[in-house]
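For reference, the structure is listed below as structure tokens.
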Amino acid sequence: MKRFQDSQAFGVKRPAVVSLSVLMISGLLAACGSSTTSSSPAPSAAAPSAAAGASPAASTAPAAKTPVAATTVLNWFAEPEHGGNFAALAKGFYKDAGFDMTLMPGGPQVSATQIVASGKAQFGMANGDDILVARQEGIPIVAIATSMQKSPQALIYHKESGIKDFSDLHGKKVYVASTASFWQFMKKKYKLEDAQELKYTGQLVNFVNDKSSLTQGYVTSEPFTLDQQKVEYGVLLNADSGYNIYAGVYFTTEKMIQEHPDQVKAFVEATVKGWDYYKDHAEEINPAIQQKNPDMGLDMMKYSSTKEMDFVFGGDAATKGTGIMTKERWEEVQKQLVDVGVLKTAEPIDKVFTTQFLPKK
């Protein structure tokens, strides 16, 4: 049940119940743009030829505009965290925006940043720190909107352990990716060098069996499983430590912005419209998500979609609109990554993200 970070070694994303094979993902990559997860509008009919008695205007009527084939690489297998995208697909928002859109599932062997940078997809999703790291590695991507105002990633502990704050992690066993950016930040801020780092596998069994341990996870996922197993737990949301990244950030390339700004704007507006629709119609859209990830039950999807609403529509989104990002937040995370050595230097933040394509509030 593990969710790995897009930028390979810099963190782990939220788990989902899946059993899709790497072979299946490879096939999707090879056929990017022609996946069955597509709006697949019917081909436009050619303009009719002039008939007897037809007016000159009728005989020269232009053909309907052909939709632009586009692909969005998700940051994990299909799940409610992509609810806005699936709503935009199901309700025709992408089609109305001029796209024949394919939603390509992510996974442990899929790097959205590399696929988009290669030109095999036009848009992708990644966490905010992933994008900063990718840019330092020479991948010219730009954040254009975010699905979540803060990350639902957290450290989960047993209630009986007595943990109340991050400073209580001294000497504790923590199942975590040792190179995760958030963990590097926490270790330095709370001086947790004596914490025992154990390899995070994405499974909960070791955590459940060891009452003195903690595990990384997402509050929109693992708690559902723990509730079913009658495990009493508590959570420390990563954002509450001060490491407050944007999660599920949409991005494209600098080249795409320069050459097709109209398409970027259309994508962002359609996706935001999709999220605004999903807010009140999650149970309508979830079956479409389940078709692409049948191993994730609708009951878990309902749990996840309910839990994620504040992450998507709270914070700045409540007053500034869905998808909004701020310069201050990006600069803060960039500084934190420089401080812990994940980034070597801080580049001008205006190159990292833009809000120019978001709908006006």
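Here the structure is a predicted model, which is why all the values come from computation and not from measurement. Hydrogens, waters and symmetry mates are skipped; everything else that's a heavy atom, side chains included, is used.
- The main-chain N or O of Lys344 is found under 3.5 Å from a side-chain atom of Gln136 such that the two form a donor-acceptor pair.
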Check step by step if side-chain hydrogen bond (donor to acceptor under 3.5 Å, both in side chains) holds for Gln356 and Thr354.
CA-CA 6 Å; Gln356 69 182 96; Thr354 179; 3.2 Å; yes

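- A donor-acceptor pair is defined here as one N or O able to donate and one able to accept, closer than 3.5 Å; such a pair exists between the side chain of Thr326 and the backbone of Arg329.
- Between Trp330 and Phe353, the ring planes are parallel. Angles under 30° get that label, and only those over 60° would be called perpendicular.
- Side-chain contact of Asn286 with Tyr278: a donor-acceptor pair under 3.5 Å is present, judged by distance alone.
- Between Thr215 and Tyr157 the shortest side-chain heavy-atom distance does not fall below 4.5 Å.
- The residues Glu254 and Arg135 are annotated as salt-bridged, a charged nitrogen and a carboxylate oxygen being separated by less than 4.0 angstrom.
- Within the 4.5 Å cutoff, no side-chain heavy atoms of Asn206 are placed close to those of Leu198.
- For residues 260-269, every residue pair satisfying the salt bridge (charged side-chain N to carboxylate O under 4.0 Å, His left out) rule, not counting sequence neighbours, is listed here: Lys265-Glu269.
- With contacts defined as side-chain heavy-atom distances shorter than 4.5 Å, the pair Val208/Leu226 qualifies.
- Ion pairing of Lys91 with Glu284 is present here, as a side-chain N (NZ or NE/NH1/NH2) and a carboxylate O approach within less than 4.0 Å.
- Side-chain atoms of Glu81 and Thr220 include a donor-acceptor pair closer than 3.5 Å.
- Side-chain atoms of Gln184 never come within 3.5 Å of backbone atoms of Val342 as a donor-acceptor pair (strictly under, hydrogens ignored).
- In this structure, a donor-acceptor pair under 3.5 Å is absent between the side chains of Asp129 and Tyr246.
- Counting non-hydrogen atoms of other residues, nucleotides and ligands closer than 6.0 Å to NZ of Lys211 gives a total above 12.
- For Phe123 and Phe267, the gap between ring centers is short of 6.0 Å.
- Using a distance-only test at 3.5 Å, with no hydrogens or angles considered, no donor-acceptor pair links the side chain of Thr102 to the main chain of Met104.
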Does the pair Val235 and Leu155 meet the rule for a side chain to side chain contact (heavy atoms under 4.5 Å, CB included), with working shown?
CA-CA 6 Å; Val235 298; Leu155 292 178; over 6 Å; no

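- Considering Val68, Asn85, Leu89 as possible partners of Met101, the one that fulfils the side-chain contact (heavy atoms from CB on, under 4.5 Å) test is Leu89.
- Although no hydrogens or angles enter the test, the distance criterion places no donor-acceptor pair under 3.5 Å between the side chain of His170 and the main chain of Glu193.
- With ring centers used as reference points, Phe182 lies 6.0 Å or more from Tyr243.
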Verdict with supporting geometry, Phe251 and Val116, side chain to side chain contact (heavy atoms under 4.5 Å, CB included)
CA-CA 9 Å; Phe251 66 88; Val116 173; 3.7 Å; yes

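- With sequence neighbours left out, the side chain to side chain contact (heavy atoms under 4.5 Å, CB included) criterion links Lys279 to Met309, Phe313.
- For residues 168-187, the pairs satisfying salt bridge (charged side-chain N to carboxylate O under 4.0 Å, His left out) are Lys173-Asp210, Lys187-Glu197, with sequence neighbours left out.
- Side-chain contact between Leu192 and Val174: absent, with no pair of heavy atoms (C-beta onward) separated by less than 4.5 Å.
- A donor-acceptor pair under 3.5 Å is formed between the side chain of Gln334 and the backbone N or O of Glu347.
- Ser147 contributes a side-chain N or O that, together with a main-chain N or O of Gly248, makes up a donor-acceptor pair within less than 3.5 Å.
- Here salt bridge (charged side-chain N to carboxylate O under 4.0 Å, His left out) pairs that include residues 140-153, with residues two or more places apart or in two chains, number zero.
- Every residue meeting the side chain to side chain contact (heavy atoms under 4.5 Å, CB included) condition with Ser167, not counting sequence neighbours, appears here in chain and number order: Asp165, Tyr190.
- With hydrogens and angles disregarded, a donor-acceptor distance shorter than 3.5 Å links the side chain of Lys188 to the backbone of Asp339.
- Atom CD of Glu283 is surrounded by 12 or fewer heavy atoms from other residues, nucleotides or ligands within 6.0 Å.
- The shortest side-chain heavy-atom distance between His260 and Gln122 does not fall under the 4.5 Å cut-off.
- Under 3.5 Å, the side chains of Gln153 and Ser151 contain no donor-acceptor pair of N or O atoms.
- The closest side-chain heavy-atom distance from Asn238 to Met186 is below 4.5 Å.
- Residues Glu79 and Met301 form no side-chain contact, since every pair of their non-hydrogen atoms from C-beta on lies 4.5 Å or further apart.
- Between Asp276 atom CG and Thr271 atom OG1 the span is 11.0 Å, to the nearest 0.5 Å.
- Residues meeting the salt bridge (Lys or Arg N to Asp or Glu O under 4.0 Å) test with Glu160, sequence neighbours left out: none.
- Phe77 places none of its side-chain heavy atoms less than 4.5 Å from the side chain of Asp295.
- Under the 3.5 Å distance criterion, the side-chain polar atoms of Thr253 are matched with a main-chain donor or acceptor of Met256.
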